[in-house]
Amino acid sequence: MRHPRLLAAAATLATLAFTASGCGQSQPSAAPGPDDPGIGHVHGLGVDPADGAVYIAGHFGLFKVKSMETAERVAGRIQDHMGFTVTGPGTFLASGHPGDPQAGSPHLGLIRSTDAGRTWTTVSEGGTADFHALQPAGDKLYAYDSQTRRVRSSIDGGRTWTPGAAEDVIDLAASAAEPNRVYATTQGGLRVSTDGGTGFADVEDAPLLSHVDSPSEGVLVGTDADGRVRTSKDAGRTWQARGALPGQATAFAAVDGNRLLATTEDGTVYESRNGGDDFTVVFRPAAS
């Protein structure tokens with residue numbers, strides 16, 4: 001039987017998973033003007049290697065952080081980003097829902113930008129897929145489709161997909177050094193696949209993580225249900241506790257083994273430059 005504290009943490013993760021799947025729900029995380037909905041619930045974070053800028057993928061658009069008090073909506077576009085990742089200089093992948101309520105389909109499928117989010121093109125699955133997690137692993141791309149509730153993989157940049165295991169995924173992690181090994185955080189605990197997402201097994205004795213990334217071979221870094229950073233250097237066999245956020249993370253990204261980004265429920269973006277030992281504020285939304 002699980003310890004009561006772990007059961008409480010699992011309930012917290014269940015709430016996070018429900019919020020992530022509730023595409024129509026949002027938590028305003030900025031002080032918008034009369035006609036501006038703000039950022040909304042944050043689902044993704046990334047750094048553009050072209051200029052080092054931090055990007056926030058939210059319920060009401062993609063935002064570029066300009067200062068601790070300012071995040072600018074890219075191209076003025078209102079668009080719901082349920083999945084987001086940076087794959088190269090100025091090159092982003094995303095999924096979610098169009099901002100226009102009159103759009104023909106509620107699902108964007110996989111979309112790609114090569115100009116830092118100013119314009120987007122559909123790569124695949126437009127109108128059908130809603131990818132809530134996108135994870136590059138070298139020449140391989142993993143995704144979790146909330147519509148089929150399956151992990152998928154692609155070897156051609158997301159143009160075609162191979163269906164994988166049915167899992168209730170919160171977040172995915174994989175490394176270019178081990179492209180067939182993919183991790184998934186779930187309400188029941190951390191799980192791993194060694195066959196490219198076809199089958200998953202529990203990672204024994206792993207902490208109950210909400211988010212996880214794998215910045216290099218065998219290295220895992222993530223946040224638990226209390227916002228504590230947990231790291232492993234041996235593919236999840238042993239774990240070390242690092243610093244903590246002031247609450248559970250709603251989005252998380254490991255730019256590398258030392259630089260981490262995370263948001264909490266109020267929309268504040270935090271950054272660590274020492275692998276999660278401590279964090280500073282990158283962006284804090286104005287009070288509503």
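These values consider heavy atoms only, across backbone and side chains, with no hydrogens, waters or symmetry-generated copies.
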- Message: Tell me the closest heavy-atom pair linking Ala143 and Leu134, and the distance in Å.
- Response: CB-CD2, 3.8 Å

- Query: Ignoring hydrogens and geometry, is there a side-chain-to-backbone donor-acceptor pair from Thr185 to Asp171 under 3.5 Å?
  - Reply: yes

- Query: Of all residues at least two apart in sequence or in a different chain, which pass the ring-ring contact (aromatic ring centres under 6.0 Å, His included) check with Trp120?
  - Reply: none

- Query: Does any non-hydrogen side-chain atom of Ile39 lie less than 4.5 Å from one of Phe63?
  - Reply: yes

- Check: Asp213 side chain, Ala254 main-chain N or O, donor-acceptor pair, under 3.5 Å: yes

- Any Leu245 side-chain heavy atom under 4.5 Å of Phe279 side chain: yes

- Item | Minimum heavy-atom distance Pro106-Pro98, with the two atoms named | O-CD, 3.6 Å

- The ring-ring contact (aromatic ring centres under 6.0 Å, His included) partners of Phe84 (sequence neighbours excluded) come to Phe92

- Message: If the condition is salt bridge (charged side-chain N to carboxylate O under 4.0 Å, His left out), which residues does Glu217 pass it with, not counting sequence neighbours?
- Response: none

- Contact list for residues 69-79, test salt bridge (charged side-chain N to carboxylate O under 4.0 Å, His left out), sequence neighbours left out: Asp36-Arg73

- Task: Return yes if some donor-acceptor pair links the side-chain N/O of Ser154 with the main-chain N/O of Asp156 below 3.5 Å, else return no.
- Result: yes

- Message: Side chains of Thr121 and Ile111, heavy atoms from C-beta outward: is any pair under 4.5 Å?
- Response: no

- Item | Verdict with supporting geometry, Asn274 and Asn258, side-chain contact (heavy atoms from CB on, under 4.5 Å) | CA-CA 5 Å; Asn274 54 17; Asn258 290 315; 5.6 Å; no

- Give a yes-or-no answer on whether the side chains of Ser210 and Thr223 include a donor-acceptor pair shorter than 3.5 Å. yes

- Item | Common cluster, Val74/Leu108, ILVMFWY with side-chain heavy-atom separation under 4.5 Å | yes

- Item | Pairwise side-chain contact, Leu261 with Val47, heavy-atom cut-off 4.5 Å (strictly under) | yes

- Query: Is there a chain of hydrophobic side chains (I, L, V, M, F, W, Y, each step under 4.5 Å between heavy atoms) that links Val86 to Val54?
  - Reply: no

- Might you point out which heavy atoms bring Gln147 and Thr128 nearest each other, and give the distance in Å? CG-O, 3.4 Å

- Would you list the pairs meeting ring-ring contact (aromatic ring centres under 6.0 Å, His included) in which at least one residue belongs to residues 170-200, sequence neighbours left out? none

- Sorted by first residue and then second, give each salt bridge (charged side-chain N to carboxylate O under 4.0 Å, His left out) pair with at least one member in residues 45-54; sequence neighbours left out. Asp51-Lys64

- Note on the structure: The reported gap from CG in Leu209 to CG in Leu190 (rounded to nearest 0.5 angstrom) is 5.5 Å

- Are the side chain of Thr198 and the backbone of Gly164 linked by a donor-acceptor contact shorter than 3.5 Å? no

- Answer with yes or no whether the hydrophobic clustering places Val229 together with Val42; edges join I, L, V, M, F, W, Y residues whose side-chain heavy atoms lie under 4.5 Å apart. no

- Message: I'd like to check Thr268 versus Val281 (side-chain heavy atoms, cut-off strictly below 4.5 Å). Are they in contact?
- Response: yes

- Message: Grouping I, L, V, M, F, W and Y whenever their side-chain heavy atoms are under 4.5 Å apart, do Ile56 and Met68 come out in a common cluster?
- Response: no

- Item | Minimum heavy-atom distance between Ala225 and Gln248, given as atom pair plus value | O-NE2, 3.4 Å

- Item | Pairwise ring-ring contact (aromatic ring centres under 6.0 Å, His included) hits with a residue in residues 141-161, at least two apart | Phe131-Trp161

- Is a side-chain donor or acceptor of Arg181 paired with a backbone partner of Gly218 at a separation under 3.5 angstrom? no

- Message: I need the full list of salt bridge (charged side-chain N to carboxylate O under 4.0 Å, His left out) pairs touching residues 193-206, with sequence neighbours left out, sorted by first then second residue.
- Response: Arg191-Asp202

- Message: Any donor-acceptor pair under 3.5 Å linking the side-chain atoms of Ser146 with those of Asp130?
- Response: yes

- Task: Report the residues that fulfil side chain to side chain donor-acceptor pair (under 3.5 Å) with Thr119, sequence neighbours left out, ordered by chain and then residue number.
- Result: Asp115

- Query: With distance as the sole test, does Thr114 use its side chain to make a donor-acceptor pair with the main-chain N or O of Thr91 at under 3.5 Å?
  - Reply: no

- Query: Has the side chain of Ser193 got a donor or acceptor atom that lies under 3.5 Å from a matching backbone atom of Gly199?
  - Reply: yes

- Task: Kindly write out the residues that satisfy side chain to side chain contact (heavy atoms under 4.5 Å, CB included) with Ser214, not counting sequence neighbours, or none if the list is empty.
- Result: Ala173, Ser175, Leu220

- Message: Let's go through Gln240 and Arg230 carefully: what are the C-alpha distance in whole Å and the side-chain angles of both, what is the deciding distance for side-chain contact (heavy atoms from CB on, under 4.5 Å) to 0.1 Å, and is it a yes or a no?
- Response: CA-CA 6 Å; Gln240 297 77 46; Arg230 307 279 184 164; over 6 Å; no

- Task: Kindly work out whether a path of hydrophobic side-chain contacts (I/L/V/M/F/W/Y, heavy atoms less than 4.5 Å apart) joins Leu45 to Phe283.
- Result: yes

- Listed partners of Thr263 passing side chain to side chain donor-acceptor pair (under 3.5 Å), at least two apart: Thr250

- Item | Candidate pair Val269 and Thr264, rule side-chain contact (heavy atoms from CB on, under 4.5 Å), full reasoning | CA-CA 7 Å; Val269 180; Thr264 49; over 6 Å; no

- Main-chain N/O of Gln79 paired to His81 side chain as donor or acceptor, under 3.5 Å: yes

- Message: Other residues, nucleotides and ligands only: do more than 12 of their heavy atoms fall within 6.0 Å of CD1 on Ile78?
- Response: yes

- Task: Give a yes or no answer on whether the side chain of Ser216 reaches the backbone of Val219 with a donor-acceptor pair at less than 3.5 Å.
- Result: no

- Task: Would you check if Val212 and Leu172 make a side-chain contact, meaning some heavy-atom pair closer than 4.5 Å?
- Result: no

- Which heavy atom of Ala262 sits nearest a heavy atom of Phe252, and at what distance? CB-CD1, 4.1 Å

- Message: With salt bridge (charged side-chain N to carboxylate O under 4.0 Å, His left out) as the rule and sequence neighbours excluded, what pairs involving residues 140-154 come up?
- Response: Glu125-Arg152, Asp145-Arg152, Arg149-Asp168

- Determine the sole option in Asp224, Asp278, Asp277 for which the salt bridge (Lys or Arg N to Asp or Glu O under 4.0 Å) test with Arg242 is passed. Asp277

- How many angstroms lie between CG in Asp80 and NE2 in His59, if you round to the nearest 0.5 Å? 4.5 Å

- For Asp139, look at atom CG and say whether over 12 heavy atoms of other residues, nucleotides or ligands are found less than 6.0 Å away. no

- Over all heavy atoms of both residues, which pair between Ala206 and Trp239 is shortest? Give the atoms and the distance, please. CA-NE1, 3.6 Å

- Query: Under the side-chain contact (heavy atoms from CB on, under 4.5 Å) criterion, do Val169 and His132 qualify, and how do the steps go?
  - Reply: CA-CA 8 Å; Val169 171; His132 283 199; over 6 Å; no

